Engineer: 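Handing you a structure now.
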Amino acid sequence: MTNRWKSIGLAALLAGLTLSASYAEAAGVLTIGRREDSTTFDPIKTAQNIDNWVFSNVYDVLIRVDKTGTKLEPGLAESWTTSDDGLTYTFKIRDAKFSDGSPLTAEDAAYSLLRIRDDAASLWSDSYKVIDTAVATDAHTLTIKLKNPSAPFLSTLALPNASVISKKGMESLGPDAYGEKPIASGAFTVDEWRRGDRVILKKNPNFWQADRVKLDGVEWISVPDDNTRMLNVQAGELDTAIFVPFSRVEELKKDPNLNVDIDASTREDHLLINHAHGALGKKEVRQALDLAIDKKAIVDTVTFGQGTVANSYIPKGALYYYADNLQRPYDPAKAKELLAAAGASDLTLNYLVRAGDEVDEQTAVLIQQQLQKAGITANLQKVDPSQEWDMTVAGDYDISVNYWTNDILDPDQKTTFVLGHDSNNNYSTNYKSEAVKELVAKARLELDPKKREQMYVDLQKMAKDDVNWIDLYYSPYINVSRKNIENFYQNPLGRFFLEDTVKN
């Protein structure tokens with residue numbers, strides 16, 4: 001999912017410029033600099049990395065993705081069985097507690113799954129509609145019956161948004177209060193959320209793996225400006241920082257006080273296109289845009305060679321990635337021809353750009369120059385990150401660069417969200433294709449791996465032909481930490497294993 005934000009404001013800017021030394025020096029408390037503030041701790045109400053990457057250590061899930069990002073392993077469900085017909089799953093819930101000391105039971109797990117399926121505020125309901133019933137047959141046994149067999153089902157249980165929450169806590173506090181200061185089922189609790197500044201986490205003594213957790217706490221601190229965030233780490237005012245600008249990697253590597261971690265990822269950057277805006281609703285116009293953008297130049301100039309050109313919405317190395325998918329050449333002359341044939345010569349677009357995001361700003365200037373060669377005018381509208389995502393969701397843009405990292409091992413989640421979904425207007429692009437949507441639903445049900453793979457190959461071809469968005473590049477996670485920090489690590493799906501991080 002994406003990294004997007006709101007409610008940063010002046011407080012975050014000031015925090016980024018002058019961080020209190022007491023936080024950085026606190027024994028056992030890890031400080032992490034990030035661009036943006038969280039938006040909620042209600043798992044079903046967000047699709048943003050800025051939220052999931054934090055509450056993956058506040059909540060636990062029934063089934064986890066391991067450190068390699070390649071296989072599933074037990075979480076709150078210590079074991080499970082599947083019926084021969086693939087319709088009934090029985091989970092044994094381990095002996096665990098919530099942060100308030102109350103027992104975590106199969107009833108809480110059932111409640112959490114039915115809530116993500118049924119709640120009107122859920123952004124993920126489509127992925128869980130396959131659940132017919134979820135029943136706690138006793139405190140430690142959860143029985144789930146599906147409406148039909150589902151290939152990605154177990155993977156969807158590892159989605160951070162399907163985290164197990166306290167039924168009693170949610171019903172007594174209500175979603176707003178719970179979303180501000182939740183009852184945790186994971187390694188850390190939310191001690192304080194200073195909106196626009198930082199989220200302060202403390203070790204959860206009731207976590208079932210509390211002995212594994214080395215840190216006393218974690219502070220996620222909002223520092224919107226990339227360069228300021230790097231300077232904060234170099235000065236020792238932050239222990240770590242994420243989203244290292246590509247341009248700073250080699251310089252930071254030379255600093256003897258720092259470690260630069262480059263971890264494999266499922267990140268794919270792309271150019272969102274608002275299909276609901278005039279000529280952008282025409283496939284030929286979107287194809288022209290694709291031809292008018294030189295992705296290799298972006299990789300070389302913006303990522304300093306750290307990225308590779310993308311040719312599919314499914315990232316390279318992920319399940320069912322189609323390596324031979326179409327990659328349109330850079331051809332501004334051909335783009336001009338397509339635009340003229342579509343009656344869209346002299347096209348003018350509003351290009352939404354995140355101010356302070358070095359990579360986004362560099363990419364915008366480069367794409368603006370490339371589009372101009374095809375006769376397309378892109379007016380750059382730089383906005384504070386606190387506004388940018390809300391404007392995108394509202395459809396107040398023509399084009400804008402975004403990125404996605406996978407949250408589950410199966411391609412169904414991303415495919416559903418960006419191609420076969422209604423409630424989010426296919427990731428705010430307003431892309432519509434009934435044939436694609438139908439195939440997305442069929443692929444979810446197909447249990448034959450070869451047949452299912454072909455379905456995803458077809459989906460990648462169809463998405464590329466329709467230009468649901470423009471694939472730009474794949475890139476690794478790049479984070480920086482002080483030398484006294486150990487095991488600060490992200491797996492390819494983006495999860496930070498802070499329960500293993502050490503501050504010496």
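If you're wondering where the values come from, they're calculated on a predicted model, not measured in any experiment.
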Engineer: Please confirm whether the backbone N or O of L472 pairs with a side-chain atom of H270, one donor and one acceptor, at under 3.5 Å?
Structural biologist: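 Flag not set: sc H270 to bb L472 has no pair under 3.5 Å.
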Engineer: Where do V440 and H421 land on the side chain to side chain contact (heavy atoms under 4.5 Å, CB included) test, with the steps shown first?
Structural biologist: CA-CA 9 Å; V440 171; H421 207 261; over 6 Å; no
Engineer: Look only at the side chain of Y128 and the backbone of T156, and say whether a donor-acceptor pair between them is shorter than 3.5 Å.
Structural biologist: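 A pair under 3.5 Å: yes.
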Engineer: Quick one, L113 with L62, criterion side chain to side chain contact (heavy atoms under 4.5 Å, CB included). Give me CA distance, side-chain angles, the key distance, then yes/no.
Structural biologist: CA-CA 10 Å; L113 289 175; L62 289 171; 4.1 Å; yes
Engineer: Which residue pairs pass the salt bridge (charged side-chain N to carboxylate O under 4.0 Å, His left out) test when at least one of the two sits in residues 475-492, sequence neighbours left out?
Structural biologist: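 Counting only pairs at least two positions apart or across chains, no salt bridge (charged side-chain N to carboxylate O under 4.0 Å, His left out) contact touches residues 475-492.
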Engineer: Is it true that R64 and D66 have a side-chain N and a carboxylate O under 4.0 angstrom from each other?
Structural biologist: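 No salt bridge links R64 with D66.
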Engineer: Quick check against the 3.5 Å criterion: does Y473 have a side-chain atom that pairs as donor or acceptor with the backbone of K295?
Structural biologist: no
Engineer: Could you tell me whether the side chains of S428 and N425 share a donor-acceptor contact shorter than 3.5 Å?
Structural biologist: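 No pair is found: no donor N or O on one side chain lies under 3.5 Å from an acceptor on the other.
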Engineer: F55: what forms a ring-ring contact (aromatic ring centres under 6.0 Å, His included) with it, not counting sequence neighbours?
Structural biologist: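 Here the qualifying residues are Y59.
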Engineer: Less than 4.0 Å between a side-chain N and a carboxylate O, is that true for E180 and R195?
Structural biologist: yes
Engineer: Salt bridge or not for R115 and D42, using N-O below 4.0 Å?
Structural biologist: yes
Engineer: Side chains of N468 and Y427: do they bring a donor and an acceptor to under 3.5 Å?
Structural biologist: no
Engineer: Excluding sequence neighbours, so at least two apart, what forms side chain to side chain contact (heavy atoms under 4.5 Å, CB included) with I63?
Structural biologist: L72, W80, F91, L154, L157
Engineer: Could you walk me through whether W220 and I242 pass the side chain to side chain contact (heavy atoms under 4.5 Å, CB included) test, one step at a time?
Structural biologist: CA-CA 10 Å; W220 290 87; I242 64 176; 4.1 Å; yes
